[in-house]
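Since we're looking at a predicted model, the values are computed, not measured. Every chain is numbered from 1 and lettered A, B, ... according to where its sequence line falls, protein lines coming before strand lines. The basis for the numbers below is simple: all heavy atoms, side chains too, and nothing from hydrogens, waters or symmetry mates.
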Number of protein chains: 2
Amino acid sequence: MSKKTRRTRQVERTPGRPSGDSDIRDRLLEIALREFSTHGFRGVSVTTIAKEAGATPAMIHYYFANKQGLYEAVLQHALGPILSRLEAVRSAPPEGEDLLPRFVRGYMQLLAENPAVPSLIVRDVLSPGGQMRETFLNGFASRGGSGVRDLVKRAQALGRLRDDLDPDLAALSLLSMAVFPFVGRPVAGQVLDYSLAPEHIDVLAEHTLNLFYNGASAS
Amino acid sequence: MSKKTRRTRQVERTPGRPSGDSDIRDRLLEIALREFSTHGFRGVSVTTIAKEAGATPAMIHYYFANKQGLYEAVLQHALGPILSRLEAVRSAPPEGEDLLPRFVRGYMQLLAENPAVPSLIVRDVLSPGGQMRETFLNGFASRGGSGVRDLVKRAQALGRLRDDLDPDLAALSLLSMAVFPFVGRPVAGQVLDYSLAPEHIDVLAEHTLNLFYNGASAS
DNA sequence: ATATTAATTAAATAGTTTATTAATATTGCC
DNA sequence: GGCAATATTAATAAACTATTTAATTAATAT
């Protein structure tokens, strides 16, 4: 009933520099990632983010100049490591090997370890007017998406995959199975029982590869 | 450079009841579906919707009382027919038949014919605070999602599907392949070549079923 | 010690946007 | 001709929101 009901961190700090080291900057980044990923850029106010992080809006301008600056910092903070690790997965030893399994495992592992990122991507890439749409498409999707199609073609050339499959459609299906469990979790997780915890993600990855290669038919 | 640059319909109507029949109500519903599905409820203003539909904000209150009323009307208008048709698909003759193919074909056909619906769902179900989250989960996902799992179990009992597959995971994979091409189109469609036009959707549906049942392995 | 720099809050500002309502005008119908 | 239906224009007003300024305290360097 009192006024201070919705407060998450009720530190009641007074003005002035606090003693000891501060982790407000990091907390702001974490909270902002969470909020932006669920409500989108326009859907969250700096006031909300600050309050949630146990700080004041002025801190956001102190550390990031403005809201846009905060957003860009969040992107870099969240996507940077992922992109470089993804690149490492792709530039693997290419000796006549079907690279799809390696790709799927690495990809799903990455998504599992960074649960807010899929939502952030959905928010900002799937909706027109999303900030990082081009950035994303250039630096990520082109490597992830057409990358998968190239890997499919290659596996076909190696005689590992059926030749009658359309590479685009096969890549689409594989990508769907790898990505949708994450972005669709709020709805799918409600009616289907599966875990996306990083320590269990190999179960899903192996299932996916098994299904993709062998199919579900009996006999 | 002039003020009236972004106008879509430049009818320049004058006040007063226009001659002939009016389709403004329908146009408002269509535009609102499009806008809500791409920007979410909070992301669109009634002014925008009205302008886009060639009308004024006051008309929205005339027909729907307020913004929330418009939203609910949109939901009913867009989802109602889908839900009933989906129910019809599910209550099909159950004579010892594997119903999965029928389900997948009907499901993808429905999504293809109503392109705004997947986005609307993504917007309002995937993000916390989405209006129709519970409504949707109760009336739709429970039938669609766990429905698929039940169909998988049944197909296993009939000896059509491998017994070693986890029904939840198999259902998840199938659902992923059926849904993701639609919701992920803005990103996937950029790098992979596939059509979601209703008249081509059977290509994708047959591919999906083929892959699901037979797998992608050569030999 | 003292001055300067860093980190923080409180409070004000100012700007935009937004949903909604009131008043008014034109057409259709009995 | 008059009431009901369908529009527009314009006003309201309320809520928010991003950002800035000033004040306050702690840390650090001199």
Side-chain angles (χ1 to χ4, degrees), chain A residues 3-4 6-32 35-36 38-74 129 131, chain B residues 3-4 6-32 35-36 38-74 129 131:
Chain A
K3 261 184 182 176
K4 44 178 93 169
R6 78 188 69 177
R7 205 76 69 75
T8 301
R9 310 207 171 208
Q10 228 146 334
V11 219
E12 287 307 346
R13 219 191 312 257
T14 55
R17 179 173 184 166
S19 56
D21 279 352
S22 162
D23 59 340
I24 279 204
R25 206 192 113 104
D26 286 337
R27 286 216 312 275
L28 283 174
L29 281 175
E30 274 173 38
I31 299 290
E35 293 295 309
F36 283 148
T38 51
H39 298 104
F41 183 76
R42 288 194 59 198
V44 204
S45 68
V46 289
T47 311
T48 303
I49 295 175
K51 196 174 288 177
E52 210 89 2
T56 61
M59 290 313 289
I60 287 175
H61 294 83
Y62 178 71
Y63 281 120
F64 309 102
N66 51 30
K67 191 184 179 183
Q68 179 80 21
L70 169 63
Y71 188 77
E72 284 164 13
V74 166
Q131 322 278 333
Chain B
K3 262 185 182 176
K4 43 177 93 172
R6 78 189 67 177
R7 204 75 69 76
T8 301
R9 310 202 170 212
Q10 226 143 339
V11 218
E12 286 307 346
R13 220 191 309 260
T14 55
R17 179 175 183 166
S19 56
D21 280 350
S22 162
D23 60 339
I24 279 203
R25 206 193 112 102
D26 285 338
R27 286 216 312 274
L28 283 175
L29 281 175
E30 276 174 37
I31 299 290
E35 293 295 311
F36 282 148
T38 51
H39 297 103
F41 183 76
R42 288 195 60 198
V44 205
S45 68
V46 290
T47 311
T48 304
I49 295 175
K51 197 175 285 176
E52 211 89 1
T56 61
M59 290 313 290
I60 288 176
H61 294 84
Y62 178 70
Y63 281 119
F64 309 101
N66 51 32
K67 191 185 179 183
Q68 179 80 20
L70 170 63
Y71 187 77
E72 284 164 12
V74 166
Q131 323 276 334

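Distance CD1 (Ile24(B)) to P (dA5(D)): 17 Å, rounded to an integer number of Å. Atom CZ of Arg25(A) and atom C1' of dA6(C) are 14 Å apart (whole Å). Atom pair His39(B):NE2 and dT18(C):C1' shows a separation of 17 Å (rounding to whole Å applied). Atom pair Met59(A):CE and dA6(C):P shows a separation of 13 Å (rounding to whole Å applied). A straight line from NZ of Lys51(A) to P of dA10(C) spans 11 Å, rounded to a whole angstrom.
Nearest heavy-atom pair across Ala50(A) and Thr56(A) is CB-C, 3.3 Å. Residues Gln68(B) and Phe41(B) approach most closely at OE1-CZ, 3.8 Å, considering heavy atoms. Closest of all the heavy-atom pairs between Gly54(B) and Ile24(B) is O-CD1, 4.4 Å.
Closest contact between the side chain of Arg42(B) and the listed nucleotides dA10(C), dT17(D), dA7(D) involves dT17(D). Residue Tyr62(A) has its side chain nearest to dA6(C) when only dT9(C), dA6(C), dT8(D) are considered.
In this structure, Lys51(A) contributes its side chain and Val46(A) its backbone to no donor-acceptor pair below 3.5 Å.
Every side chain to side chain contact (heavy atoms under 4.5 Å, CB included) that Tyr62(A) has, sequence neighbours left out, goes to Met59(A).
Residue Phe64(A) is out of contact with every strand shown, counting any heavy-atom pair closer than 4.0 Å. Residue Thr56(A) is classed as a base contact, given a heavy-atom separation below 4.0 Å to a base.
Side-chain contact check for Ile49(B) versus Phe36(B): some heavy-atom pair is nearer than 4.5 Å.
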Query - Protein-to-nucleotide contact annotation, 5' to 3' order, nucleotides 19-29 of chain D [B base; S sugar-phosphate only; - none; under 4.0 Å, heavy atom] - result: BB---BBBS--

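When both distances must be under 3.5 Å, the Watson-Crick or G-U wobble mate of dT30(D) is dA1(C).
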